[in-house]
Amino acid sequence: MLETLAQKAPDPLLKIIKMFREDPRSDKIDLGVGVYRDAAGATPVMRAVKDAEALLLAGQKTKTYVGQQGDVDFLRLVGQLAFGEMSRDFVSIQAVGGTGALRLGCDLLRESGAKRVLLPAPCWPNHPSIVRAARLEAMDVAFFNIAEQRIDMDALIAGFDRAERGDGVILQACCHNPLGADFSLEQWRTLAEALNARGLIPFVDLAYQGFGDGVDEDVAGARALLERVPEALIAVSEAKSFGIYRERVGALYVKTAEKARAAAMSNLAAIARANYSMPPDHGAAVVREVLSDDALRASWREELDEIRGHIKRTRVALAAERVNSIPMHLIADQKGMFSTLPLNEAQVAALRETHGIYMTDAARINVAGLRAADIPRFVDALRAVA
Ligand code: LMR
């Protein structure tokens, strides 16, 4: 039976990671995977995370299960950080990373009768697979003009008409992956109106809080949306904000009417139980420790400020360069780790093969992976292919 399985194509991002690892050139540049690197090219454990881990190691008395919903203090603190006071009314459950939270949310949408999830394109390359794994239709809607590097709100809202009431729409809260282009406050308000008029459910994906303009600034738009819609799902990842990628720390929050909350929670518990049963503890416990201790929290905010400052400086340095047809100056206005360059697959392949510079096939670069020392070589290579 198993011998009938057909070979699957490798995940496009994981494929690039593997190719980079196997490239023997010592001056190769990795702009593929979305991981922050400091000026020395390292991804260190944050100071507050190290301190929280030491506290946990000294104080932890048991390794018994945390419980079906996960760490409720973690959920409360992360909810408060992301949505402020309104989070008290949200149903929540810990998840295995932001990806796990997206999957839980898609499964919940499917349970509620949704047929499809709209994906403003280009989206994070894993979004369609998660939607389809939940047996929902993944429907791309036009959203961004790559050549001009601008959001096309009219096209996006026109795309909403292809969905039916109760369908979901994934909207990235900040630091868009792969575009770095975020909605303005005004655009979030317009989105809320358009979604409400069609009975569509926003599914907010928040994975880079603090990487754009600041911890509070980065969620202002999503909060404006959430204040205006009756129902919403929100997937939160703390992988990047706390630099704990491999710990798989995420959570799903659900906004719904008070009378519907117990049923929503019971569905989430049942979905999680049949999938991985109980969530892992360590990463969520670290986030809980950091957010609940004033000194650790201040240390974390300070280091997050340093990270954001480093990304912004890299963006400004790139934006100062002139490269033929690429509107480099717009890179400074974009937010977070990613930008997508107007390059075709042949140009991306030439950068990889001739210059040892790796990015996704769709020309997404991880700005946060670029060391200052590598910028001149990167720009020269761009000039050679573009
Ligand atoms: C990325 O987009 O590079 C990260 O979110 C890692 C991943 O799993 O895709």
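The first residue in the sequence is number 1, and the count goes up from there. Counting convention: from 1, in listed order, for ligands and their atoms alike.
- Looking at atom 8 (O) of ligand 1, its nearest protein heavy atom turns out to be Trp124 CZ2, 3.7 Å.
- Annotation for Val215 and Trp300: closest pair CG2-CH2, 4.3 Å, computed over non-hydrogen atoms.
- Asp213 has a carboxylate O that lies under 4.0 Å from a charged side-chain N of Lys312, or vice versa, which qualifies the two as a salt bridge.
- In this structure, atom 5 (O) of ligand 1 lies nearest to the protein heavy atom Lys240 NZ, 3.4 Å.
- Looking at Asp305 and Arg308, a side-chain N of the basic residue comes within less than 4.0 Å of a carboxylate O on the acidic one, giving a salt bridge.
- With hydrogens and angles ignored, the 3.5 Å screen pairs a side-chain donor or acceptor of Gln347 with a backbone N or O of Asn344.
- When each atom of ligand 1 is checked for a heavy atom of Asn177 under 4.0 Å away, the hits are 1 (C), 2 (O), 5 (O).
- Scanning the protein for heavy atoms near atom 6 (C) of ligand 1, the closest one is Leu13 CD2, 3.9 Å.
- Looking at ligand 1, you'll find an N or O of Gly34 within less than 3.5 Å of one of its N or O atoms.
- Those atoms of ligand 1 with a heavy atom of Arg364 less than 4.0 angstrom away are 1 (C), 2 (O), 3 (O).
- Using a 4.0 Å cut-off between a side-chain N of Lys or Arg and a carboxylate O of Asp or Glu, Asp73 and Arg76 qualify as a salt bridge.
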